[in-house]
Amino acid sequence: MKIAILPGDGIGPEIMEQAVRVLNALGEKFEMETAPVGGAGYAASGHPLPEATLKLAKEADAILFGAVGDWKYDTLERALRPEQAILGLRKNLGLFANFRPAVLYPELAGASSLKPEVVSGLDIMIVRELTGDIYFGQPRGVRTAVDGPFKGEQEGFDTMRYADTEIRRIAHVAFQAAQKRSKRLTSVDKANVLETSQFWRNIMIEVSKEYPDVALDHMYVDNAAMQLVRAPKAFDVIVTGNMFGDILSDEAAMLTGSIGMLPSASLDKNSKGLYEPSHGSAPDIAGQGIANPLATILSAAMMLRYSLNRAEQADRVEQAVKKVLAQGLRTGDIYEAGTKKVGTKEMGDAVVAAL
Ligand code: IPM
Ligand code: MG
């Protein structure tokens with residue numbers, strides 16, 4: 001099994017180092033090859049997704065991704081910014097199914113900004129469509145408006161669009177995820193305003209007929225945003241498009257108070273995938289050895305489970321993380337009085353020791 005290791009920018013390399021140590025501690029020799037991506041890709045070869053990196057990602061069985069982005073690159077034109085690396089990987093590899101779990105670890109209930117009774121036991125799975133929608137829809141750009149009340153002015157425009165097949169395939173992924181959990185699925189859209197959303201909703205209803213054991217309901221995205229902070233435990237699996245999923249998954253992650261703990265998986269139709277922590281590159285703390293490596297370590301566990309077919313090893317890694325939390329070890333982001341504050345490497349050491 002070959003794993004592409006793409007550490008990226010900011011805290012990416014530090015957290016990745018710990019995840020690689022954990023993989024190496026499992027007692028199996030994985031082939032791992034590292035390549036630059038994001039700002040690091042731009043610095044190395046003038047593009048955030050260098051050709052050699054894309055080639056490696058294509059030939060690997062799975063990709064472990066750190067994080068991209070740094071203020072240094074904010075002034076580059078959009079096509080060269082670090083974010084283009086992750087968008088390019090998603091699009092080029094057809095990684096349309098994004099799983100973003102938001103799980104509250106009982107030991108960390110105090111870290112949430114919501115009351116403990118509102119979030120205790122929280123366990124949501126957001127299934128976000130990742131290669132369509134307004135993110136990739138053409139046409140887009142800036143032009144002179146040819147009609148409407150602002151005719152003749154410059155205008156910016158993007159296109160929200162979803163094809164039948166695109167909605168259907170993410171629907172199947174989401175219904176199957178719901179079947180493995182509590183058999184409840186909430187589809188989030190804006191069907192009261194958007195044509196794309198009404199089309200999305202109709203197809204969700206059609207596909208639901210193939211999954212009579214799953215209860216499907218629909219929610220407008222604004223209401224979903226509100227319900228997520230009012231009564232988040234009412235949700236189980238949420239399926240939504242690329243744009244709404246981007247926003248709601250950050251909101252859901254924050255409910256757990258520990259975005260530094262949350263992994264994610266982006267899968268293609270054959271379950272080849274890219275695995276990355278839900279958090280960003282945190283350039284403000286990069287290089288200080290204080291970042292939380294657990295989301296990346298847990299992303300490696302998801303990779304073992306979904307792409308490498310090694311559920312038992314995935315369980316071992318997840319158990320090791322739980323054990324380390326139970327021992328009271330915390331990086332700064334999840335630290336509370338009465339626990340022991342550790343750095344990135346010490347946290348990695350502890351997980352390796354627990355394994
Ligand atoms: C995410 C990020 C990306 C997105 C950015 C970095 C392009 O916010 O993975 O959620 O918008 O999808
Ligand atoms: Mg996002």
Side-chain angles (χ1 to χ4, degrees), residues 6-12 15-16 36-42 47-49 53-54 57 63-102 124-138 140 158-162 166 170 173 188 221 224-225 228 238-256 258-268 273-284 286 295-296 298-299 302-303:
L6 311 183
D9 309 319
I11 59 171
I15 53 180
M16 186 62 83
V37 76
Y42 177 78
H47 194 278
L49 182 55
T53 303
L54 180 58
I63 302 147
L64 194 57
F65 187 96
V68 292
D70 198 331
W71 302 306
K72 281 200 286 245
Y73 306 106
D74 278 355
T75 50
L76 291 172
E77 58 174 292
R78 184 170 319 96
L80 295 177
R81 278 194 222 151
E83 296 89 323
Q84 294 305 314
I86 187 68
L87 294 173
L89 283 165
R90 290 171 184 170
K91 196 68 187 171
N92 277 288
L93 298 169
L95 305 171
F96 70 93
N98 184 208
F99 289 85
R100 300 197 164 181
I124 300 176
M125 176 65 84
I126 297 188
V127 179
R128 170 188 177 197
E129 199 291 329
L130 206 55
T131 52
D133 204 351
I134 196 166
Y135 265 61
F136 293 98
Q138 294 290 344
R140 56 190 282 161
D158 294 273
T159 307
M160 177 177 269
R161 57 195 286 184
Y162 261 125
E166 250 179 325
I170 195 71
V173 166
V188 173
V221 62
L228 266 175
I238 294 176
V239 62
T240 189
N242 206 348
M243 182 79 256
F244 301 152
D246 178 45
I247 299 165
L248 294 181
S249 62
D250 263 25
E251 189 188 5
M254 205 54 229
L255 296 176
T256 70
S258 46
I259 195 165
M261 296 292 302
L262 299 178
S264 77
S266 307
L267 305 183
D268 76 1
L274 179 148
Y275 299 82
E276 58 174 323
S278 290
H279 60 71
S281 57
D284 52 327
T296 314
L298 292 167
S299 297
M302 270 184 121
M303 173 178 79

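Remember, it's 1-based here, ligands and their atoms both numbered in the order they're listed.
For D246, the N, O or S atom closest to the Mg ion (ligand 2) goes by the atom name OD1.
Taking CG of L255 as the reference point, atom CG of D250 lies at 11.0 Å (rounded to 0.5 Å). The line from CG of L54 to CG of L89 is 6.5 Å long, rounded to the nearest 0.5 Å. Distance check: F96 CZ to L267 CG gives 8.0 Å after rounding to the nearest 0.5 Å.
For atom 8 (O) of ligand 1, the closest heavy atom belonging to the protein is D246 OD1, 3.2 Å. At the shortest separation from atom 4 (C) of ligand 1 among protein heavy atoms lies Y135 OH, 3.4 Å. Nearest protein heavy-atom contact of atom 1 (C) of ligand 1 is R100 NH2, 3.4 Å. Given atom 3 (C) of ligand 1, the protein heavy atom at minimum distance is R90 NH1, 4.0 Å. The nearest protein atom to atom 5 (C) of ligand 1, hydrogens excluded, is given as E83 CG, 4.4 Å; this is a heavy-atom distance.
Within ligand 1, the atoms closer than 4.0 Å to a non-hydrogen atom of R128 are 1 (C), 4 (C), 9 (O), 10 (O), 11 (O), 12 (O), numbered from 1 in the order shown.
Assignment of E276 to the shell around ligand 1 is not supported, since no heavy atom sits closer than 4.0 Å.
Put simply, the side chain of D9 gets close to the backbone of A40: a donor and an acceptor are under 3.5 Å apart. In this structure a side-chain-to-backbone donor-acceptor pair under 3.5 Å is present from N242 to G132.
Taking the side chain as every heavy atom from C-beta outward, P48 and L80 approach each other to under 4.5 Å.
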